Amino acid sequence: MNLKYNAEIKAAAEKFEELLRGQLERVERINASRETVDYAALDKITIGICGGDGIGPVITSATASVLRFLLADDIASGRIIIKNIDGLTIENRAAQNKAIPDDVMEELYKCDVILKGPTTTPRAGDEWPNIESANVAMRKNLDLFANVRPVRVPDKGIDWTFFRENTEGSYAVGSQGMHVTDDLAIDFCVTTTEGTERIARLAFEYAKNNGKNRVSIITKANVIKTTDGKFLRICEEMAKEYPEIHTDEWFIDIMTAKLVDEKRRTDFRVFILPNLYGDILTDEAAEFQGGVGTAGSANIGKRYAMFEAIHGSAPRMMKEGRGIYADPCSMLRALALLLSHIGYQTPADKLDRALDICMFEEKKLTVTGRAGGATCEEFTEYVKGKLI
Ligand code: IPM
Ligand code: MG
């Protein structure tokens with residue numbers, strides 16, 4: 001046996017052991033938390049608002065003004081409590097060297113649902129310490145296992161809802177990979193039975209309850225055999241409980257191609273995907289709707305839920321002084337998802353309708369991200385004017 005790398009392998013094996021313990025504890029936590037909160041039964045619902053950084057505060061405060069407008073009565077009566085939570089900026093996260101500073105996390109735990117602006121995610125080699133993404137940390141800490149991303153383009157026949165698994169896959173220990181030696185780096189991908197069952201259940205139930213006749217399971221199980229293989233097998237097993245829904249199975253590469261196939265793509269309705277494929281495919285999908293700036297996303301757990309734009313904080317826009325031209329549509333769509341999630345379906349529908357009018361039908365103002373287009377504030381006022 002080659003003893004050359006003994007010390008390196010031992011060190012890596014010890015880290016791996018720690019990582020396995022963490023994941024097994026997580027499985028136990030999933031099993032212990034099966035109760036789903038019933039918002040209708042709550043006397044009070046606390047909505048936390050985090051502006052984030054970059055264009056985050058611009059589009060979040062515009063969206064919060066729409067929230068205040070739509071729920072004015074229930075805010076006045078005290079059923080809805082709005083809680084502003086600062087401190088999720090990249091500067092503060094970097095200064096504290098934490099994905100989410102402890103005091104911010106404490107505040108988040110006191111909320112029921114959260115509206116979150118984009119937050120800058122450092123990557124190896126940039127100006128910030130390489131802390132974990134605030135999005136990923138929030139999804140993990142609040143156990144927000146489902147990332148639900150609707151994409152609709154009515155005049156192209158596109159009506160898709162993506163159910164992206166949100167706490168596992170390549171993200172579960174994405175910040176705990178290892179440099180075993182200077183030449184060998186390794187990351188890990190995680191699939192659990194419990195984690196897969198809960199995302200698959202949510203997707204199939206959504207399809208059933210919303211008259212969506214097709215569910216597509218997306219993996220790369222021909223190559224990533226163990227974790228994607230398990231994900232696929234569990235989803236296929238569950239599909240048998242829904243014989244009225246047509247379920248099919250695709251590899252991520254060909255599905256990426258099918259989304260641009262105008263003849264086939266209109267057949268798809270609901271997608272179930274592991275975390276990383278969901279991340280990538282939903283950006284592609286959003287592009288058909290007008291870009292990531294138009295797409296909102298719901299991060300759903302049993303106890304908490306968080307709603308956000310699907311895009312990042314656009315630091316380049318801020319650097320170039322174009323922050324005021326940021327597109328609020330993604331956050332406004334996220335707000336509609338939030339309202340629907342906590343049982344305010346009528347205002348949610350009103351908001352989606354107003355956005356459809358402003359974005360697709362009347363189009364009196366257009367946000368381009370640059371001078372010459374509408375500002376975030378102007379567009380938000382335009383949408384408010386259509387909230388009838
Ligand atoms: C998203 C984003 C995040 C992700 C980033 C910011 C960590 O791209 O919500 O899709 O990869 O999940
Ligand atoms: Mg993404």
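Quantities reported herein were computed from a predicted structural model and do not represent experimental measurements. Remember, it's 1-based here, ligands and their atoms both numbered in the order they're listed.
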Among all protein heavy atoms in this structure, tell me which lies nearest to [atom], with the distance rounded to 0.1 Å.
| atom | answer |
| --- | --- |
| atom 4 (C) of ligand 1 | Tyr171 OH, 3.5 Å |
| atom 7 (C) of ligand 1 | Ser133 OG, 3.4 Å |
| atom 8 (O) of ligand 1 | Asp279 OD1, 3.2 Å |

Is [X] touching ligand 1 with its side chain, its backbone, both, or neither, if touching means heavy atoms under 4.0 Å apart?
| X | answer |
| --- | --- |
| Arg123 | neither |
| Arg149 | side chain |
| Ile310 | backbone |

Inset, instruction - Determine, using heavy atoms of His311 and all atoms of ligand 1, whether some pair is separated by less than 4.0 Å. - result: no
Inset, instruction - Take every heavy atom of Arg164, measure it against each atom of ligand 1, and state whether any distance is under 4.0 Å. - result: yes
Inset, instruction - May I ask you to check whether Thr121 has an N/O atom sitting below 3.5 Å from an N/O atom of ligand 1? - result: no
May I ask you to decide whether [X] forms a salt bridge with [Y], counting only side-chain N to carboxylate O separations under 4.0 Å?
| X | Y | answer |
| --- | --- | --- |
| Arg93 | Glu132 | no |
| Lys83 | Glu107 | yes |
| Glu17 | Arg21 | yes |

Legend entry - Among the N, O or S atoms of Asp279, the one nearest the Mg ion (ligand 2): OD1
Parallel, tilted or perpendicular: rings of [Y] and [X] (30°, 60°):
| X | Y | result |
| --- | --- | --- |
| Phe16 | Phe188 | parallel |
| Phe288 | Trp160 | perpendicular |
| Tyr382 | Phe379 | perpendicular |

Legend entry - Cluster overlap Val104 with Tyr109, hydrophobic side-chain contacts below 4.5 Å: yes
